[in-house]
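Step one of this worksheet: look at the structure below.
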Amino acid sequence: MDTHRNYENLDYAIGFGNHVETEALKGAVPKGQNSPQKCAYNLIAEQFSGTAFTLPRASNQKTWLYKIRPSAAHTPFVDAPEFGKYVKNDFLNDHGLTITPNQLRWKRLPLPQKPTTFAEGLVTVCGAGDPSIKQGIAIYLYAANKSMTNSSLFNSDGDFLIVPWEGEMLITTEMGKMTVKPREICVIPRGIKFSVEMTKPIRGYICEVFKGHFRIPDLGPIGANGLANPRDFLVPTAYYENTEEEFQIINKYLGKFYKCTKKGSPYDVVGWHGNYYPYKYNLDLFNAMGTVTFDHPDPSIFTVITCQTDEPGVAVCDFAIFPPRWMVAEHTFRPPYYHRNVMSEYMGNISGQYDAKEEGFQPGYGSLHSLLQGHGPDHESFTKWSNIDLEPIKYPYENLAFMFESTYMFKTCSFVMDDQVNLDHDYYHCWDKLAHNKLGDKP
């Protein structure tokens, strides 16, 4: 698989939520104003608003782009049925959806049998709400084996949080280029054009939020440092293509796909400044917190980034990870406890083993535990961790699982409830032996 662009020795700006200024040609970004009468290099000034104009300054997000051609210059959009065959975003309409409270688990999404780009390889698993009212969430899997050449995708419906588990993604965006490999994540905010290239097939998970944007969580009594530190987030720097070639622009709008053509590359931003941009983060840099006395902490302690609802502390999506770490709790059942949660939990495995499902949850697998449905370690994990000598244990570096946790009640897409995407029909059996647990003697 050939790549169209060079992704070696990329430069990044550093920090979460900063106002960044970056130029590929010196002087491309005007000084002292945003929209001069005539921009340097005959560029066009274009503001890209990621929030409403009147949002409070602390939450306001926008970027000024200095481009060769305006984004408005393209042919009319037309339907693109070749994209989105397995994409659904209207979860208010039950057509094509399955409603079930059962615990669900899926094996890996197979690699495509024919050349398939990232834009073609999206499969919606579940979700809630509707992007037309900017309320809700969708969770996807992706599998692709073909680079996007002279084509670009942008999503009008929400922000994409992308979690690879196989293969490195080579991503070009309007703000610059970045590489994202397993054990890293990236966020592509709503509306930003991007292309995905690769040198070998890629697979992973995506969470899309229909309202708001991701941020790093407050730390409360943890203090000023810890979890995902702001300095470890990386932002692409300005990169531009000056070409007369024709590009295809793909737009996901209200869950459907449309396409148009544009003269010249959409990646013609010679300089930009602002705080609305894509970014990446290396999960190995997460400063995990945990107990040094007893009991397993709530999984919220492992939150990397969060997108909040209008109710403080209640998330559209909390993205939490279960990274390699020391386990030292005394007289404690160390895996995540048995649980009924007022939130919905979709879990995936990036690499290694997950301590609560040591055999049945391999990299690329996914599980859904819906609101208030019981879940927890399987019988083998329960037996092991109930009897093991509680010495300090370091979980292996390979072990890295994650969770998308949401306040919404999920509906699953009917096309993921058949064998095509390897629904594990025997998942519930992992708790069978625990159904025979007997009341024991007083300890």
Holding to ring-ring contact (aromatic ring centres under 6.0 Å, His included), I want the full list of residues that pass it with F302, two or more places apart in sequence or in another chain. F322
Any cation-pi pair here, K177 with Y7, using under 6.0 Å and within 45°? yes
Measure from NZ or CZ of R190 to the centre of the six-membered ring of F154 and say whether it is under 6.0 Å with the direction within 45° of the ring axis. no
In short, ring-ring contact (aromatic ring centres under 6.0 Å, His included) pairs touching residues 214-245 with sequence neighbours left out are F16-F233, F233-Y279, F233-Y281
Those residues that, when tested against [X], pass salt bridge (Lys or Arg N to Asp or Glu O under 4.0 Å) (two or more places apart):
X	answer
D157	K252
K256	none
E244	R69, K263

Tell me which pairs pass salt bridge (Lys or Arg N to Asp or Glu O under 4.0 Å) where either residue lies in residues 287-314, with sequence neighbours left out. K211-D310
Using the salt bridge (Lys or Arg N to Asp or Glu O under 4.0 Å) rule, collect all pairs that involve residues 23-36, keeping only residues at least two apart or in two chains. E21-K31
Should the pair F319 and F404 be assigned to parallel (<30°), tilted (30 to 60°) or perpendicular (>60°) ring geometry? tilted
So, using side chain to side chain contact (heavy atoms under 4.5 Å, CB included) as the criterion, who are the partners of [X] when residues are at least two apart?
X	value
D79	P81, Y258
A238	T22, A24, W272
Q373	P101, S370
Q47	S49, F53, K62, W64

Closest non-hydrogen atom pair, L390 against A329: CD1-O, 4.2 Å
The criterion is side-chain hydrogen bond (donor to acceptor under 3.5 Å, both in side chains); which residues satisfy it with E184, sequence neighbours excluded? K181, K280
Given 3.5 Å as the limit, does a donor-acceptor pair link the side chain of S351 with the main chain of E398, or not? yes
Using modelled atom types and a 3.5 Å cut-off, is there a donor and acceptor pairing between side-chain atoms of N349 and backbone atoms of G352? yes
L219, CG: over 12 other non-hydrogen atoms inside 6.0 angstrom: yes
For the pair [X] and [Y], find out whether any cationic side-chain nitrogen is under 4.0 Å from an anionic carboxylate oxygen.
X	Y	value
E166	R108	no
K67	D268	yes
E246	K262	no

To the nearest 0.5 Å, what is the distance between CG on N251 and OG on S156? 3.5 Å
M148 versus L153: any side-chain heavy-atom pair under 4.5 Å? yes
Check: L65 and V270 side chains under 4.5 Å, non-hydrogen atoms: no
Tell me whether the centres of the aromatic rings in H74 and F247 are closer together than 6.0 Å. no
Can you tell me if H213 and Q61 form a side-chain donor-acceptor pair at under 3.5 Å? no
Does one side chain, of T51 or N60, offer a donor that lies under 3.5 Å from an acceptor on the other? yes
